[in-house]
J.: 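Provided herewith is a single structure, encoded as structure tokens, for subsequent inquiry.
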Amino acid sequence: MRQRKVKHEEERLEALREYTVKDGTEWRGRWGEVLGAQGRPIYLEMGCGRGHFLAALGELHPDACYIGAEGRSSIVLRALELTKEKGLENVRFIPEFIRDIETYFAPGELSGIYLNFSDPWPKARHYKRRLTYRGFLEGYRRVLKPGSLIEIKTDNDALFAFTKEEVDAVGFEILEESTDLHKTELSARLITTQYERRFQLLNKNINYLKLRV
């Protein structure tokens with residue numbers, strides 16, 4: 001999808017550089033340093049969009065650190081502005097699409113991963129590009145601490161069915177599951193993305209999985 005032109009985008013991004021981590025692969029194994037984590041857990045959201053989800057988590061859990069990865073500069077700009085507006089010191093962004101998570105993070109460096117409304121790549125020949133494909137799931141396993149969680153939300157029913165097959169293939173434990181999250185009492189319904197709120201207004205079901213690695 002073509003990005004919408006944002007006025008003074010480059011200047012605005014530069015002014016918010018304190019919240020970004022460029023060349024994230026250079027910090028592999030040393031994210032505690034760049035985040036000032038000092039032993040605190042570090043969580044990653046792949047495809048963080050405008051940052052509403054991470055901002056909510058950052059406010060709710062000030063003793064944890066959160067990283068959002070987003071390759072669309074006009075979108076990550078909104079996330080950066082929101083983070084600054086809320087004064088969050090425990091949220092940072094990698095302004096890139098992460099293709100190989102193991103080039104960014106060392107074994108056991110992360111405590112959890114969020115996959116919210118990932119691109120479903122609907123064409124059958126593109127199945128290996130889906131972020132819940134077993135090849136990606138195995139990569140997540142290696143960068144997560146044992147027993148860590150992966151949480152997945154999607155409005156795409158076909159992607160959800162595919163994801164469940166891939167999860168079964170790699171042997172992750174399903175702790176929570178729903179095909180209509182906001183009609184449950186699961187705590188995952190309480191922190192939402194911007195897309196998710198839009199889908200709620202349209203009465204669109206949200207599929208959800210919580211996995212233990």
Side-chain angles (χ1 to χ4, degrees), residues 1-3 24 42-57 66-76 78-79 91-105 110-144 148-170 172 174-182 186 188-189 191-200 202 204-213:
M1 182 181 295
R2 187 175 182 179
Q3 292 189 50
I42 301 171
Y43 298 87
L44 171 70
E45 184 184 8
M46 299 272 283
C48 64
R50 291 174 172 82
H52 291 82
F53 182 81
L54 278 192
L57 285 175
Y66 297 92
I67 302 170
E70 176 58 62
R72 296 168 294 176
S73 59
S74 61
I75 300 299
V76 78
R78 307 302 187 189
V91 179
R92 293 292 182 270
F93 296 91
I94 301 172
E96 305 168 36
F97 291 117
I98 292 181
R99 306 299 184 190
D100 181 357
I101 198 168
E102 292 181 85
T103 65
Y104 286 82
F105 300 96
L110 294 176
S111 293
I113 293 175
Y114 299 97
L115 302 172
N116 293 319
F117 304 97
S118 304
D119 190 332
W121 290 100
K123 293 183 179 179
R125 68 177 183 274
H126 292 154
Y127 73 98
K128 289 186 178 181
R129 299 184 184 183
R130 298 168 191 159
L131 293 183
T132 54
Y133 169 62
R134 66 191 66 183
F136 287 113
L137 294 178
E138 290 290 4
Y140 305 153
R141 186 204 303 272
R142 289 188 282 270
V143 300
L144 285 165
S148 294
L149 303 178
I150 299 174
E151 294 190 47
I152 301 167
K153 292 181 182 180
T154 179
D155 64 306
N156 189 288
D157 297 337
L159 178 61
F160 188 64
F162 170 84
T163 298
K164 289 186 63 179
E165 292 177 358
E166 299 301 285
V167 165
D168 183 62
V170 299
F172 288 173
I174 297 178
L175 300 179
E176 296 177 358
E177 175 182 353
S178 176
T179 56
D180 202 345
L181 174 61
H182 292 281
L186 296 175
R189 79 189 193 285
I191 299 180
T192 60
T193 72
Q194 188 177 45
Y195 280 123
E196 192 169 354
R197 289 195 289 274
R198 186 183 305 167
F199 292 142
Q200 282 181 269
L202 296 172
K204 177 71 178 76
N205 69 298
I206 303 299
N207 301 288
Y208 172 71
L209 284 176
K210 177 187 280 188
L211 313 173
R212 182 170 14 232
V213 176

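Every heavy atom of this structure was used, including side-chain atoms; hydrogens, water molecules and symmetry mates were not. Index from 1, following the sequence.
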J.: Would you indicate whether the side-chain heavy atoms of L211 and V213 approach each other to under 4.5 Å?
T.: no
J.: Under 4.0 Å between a side-chain nitrogen and a carboxylate oxygen: does that hold for E177 and K164?
T.: yes
J.: With heavy-atom distances below 4.5 Å as the criterion, would you say the side chains of T132 and T154 are in contact?
T.: no
J.: Do L115 and Y140 come within less than 4.5 Å of each other through their side chains, counting heavy atoms only?
T.: yes
J.: Mark yes when over 12 heavy atoms from residues, nucleotides or ligands other than F199 sit less than 6.0 Å from its CZ; otherwise mark no.
T.: yes
J.: So, do Y43 and L54 sit near enough that their side-chain heavy atoms are less than 4.5 Å apart?
T.: no
J.: Compare all side-chain heavy atoms of F172 with those of R141 and state whether any distance is below 4.5 angstrom.
T.: yes
J.: Do you know the tightest heavy-atom contact between G49 and A79?
T.: O-CB, 3.7 Å
J.: Which pair of non-hydrogen atoms, one from V170 and one from L137, has the smallest distance, and what is that distance?
T.: CG2-CD1, 4.0 Å
J.: Atom CG in D168, atom CD1 in I174: separation rounded to 0.5 Å?
T.: 7.5 Å
J.: Is there a side-chain contact between L57 and E45 in this structure, where contact means two heavy atoms from C-beta onward sitting under 4.5 Å apart?
T.: no
J.: Which atoms form the tightest heavy-atom contact between D155 and I206, and what is the distance?
T.: CB-CD1, 4.4 Å
J.: Going by the angle between their ring planes, with limits at 30° and 60°, are F162 and Y133 parallel, tilted or perpendicular?
T.: parallel
J.: Before giving the answer on side chain to side chain contact (heavy atoms under 4.5 Å, CB included), spell out for I113 and I101 the whole-Å C-alpha distance, their side-chain angles and the decisive distance to 0.1 Å.
T.: CA-CA 11 Å; I113 293 175; I101 198 168; 3.8 Å; yes
J.: Short question: side chain of R92, backbone of I67 - any donor-acceptor pair under 3.5 Å?
T.: no
J.: So, do L144 and I150 sit near enough that their side-chain heavy atoms are less than 4.5 Å apart?
T.: yes
J.: Starting at CG of L44, measure out to CD1 of I94 and round the result to the nearest 0.5 Å.
T.: 6.5 Å
J.: Kindly compute the distance separating OH (Y127) from CZ (R134), expressed to the nearest 0.5 Å.
T.: 8.0 Å
J.: Could you tell me how the ring of H126 sits relative to the ring of W121: parallel (under 30°), tilted (30 to 60°) or perpendicular (over 60°)?
T.: perpendicular
J.: How long is the span from the CG atom in N116 to the CD atom in Q194, to the nearest 0.5 Å?
T.: 13.0 Å
J.: Testing the basics here: between Y104 and G24, what is the closest heavy-atom pair and its distance to 0.1 Å?
T.: CD2-C, 3.7 Å
J.: Is a side-chain donor or acceptor of E70 paired with a backbone partner of R72 at a separation under 3.5 angstrom?
T.: yes
J.: Are E151 and K153 within salt-bridge range, i.e. N to O under 4.0 Å?
T.: no
J.: For residues S178 and F160, report the shortest heavy-atom separation together with the two atoms involved.
T.: O-CZ, 3.8 Å
J.: Could you walk me through whether E176 and Y208 pass the side chain to side chain contact (heavy atoms under 4.5 Å, CB included) check?
T.: CA-CA 8 Å; E176 296 177 358; Y208 172 71; 3.5 Å; yes
J.: Tell me the closest heavy-atom pair linking L159 and P120, and the distance in Å.
T.: CD2-CA, 3.9 Å
J.: Could you state the interatomic distance from CG (L175) to NZ (K210), rounded to the nearest 0.5 Å?
T.: 6.5 Å
J.: In Å, rounded to the nearest 0.5 Å, how long is the span from CD of E166 to CG of L131?
T.: 12.0 Å
J.: For a 4.5 angstrom cut-off between non-hydrogen side-chain atoms, does M46 reach F136?
T.: no
J.: Under a 3.5 Å cutoff, is there a donor and acceptor pairing between the side chains of H52 and E196?
T.: no
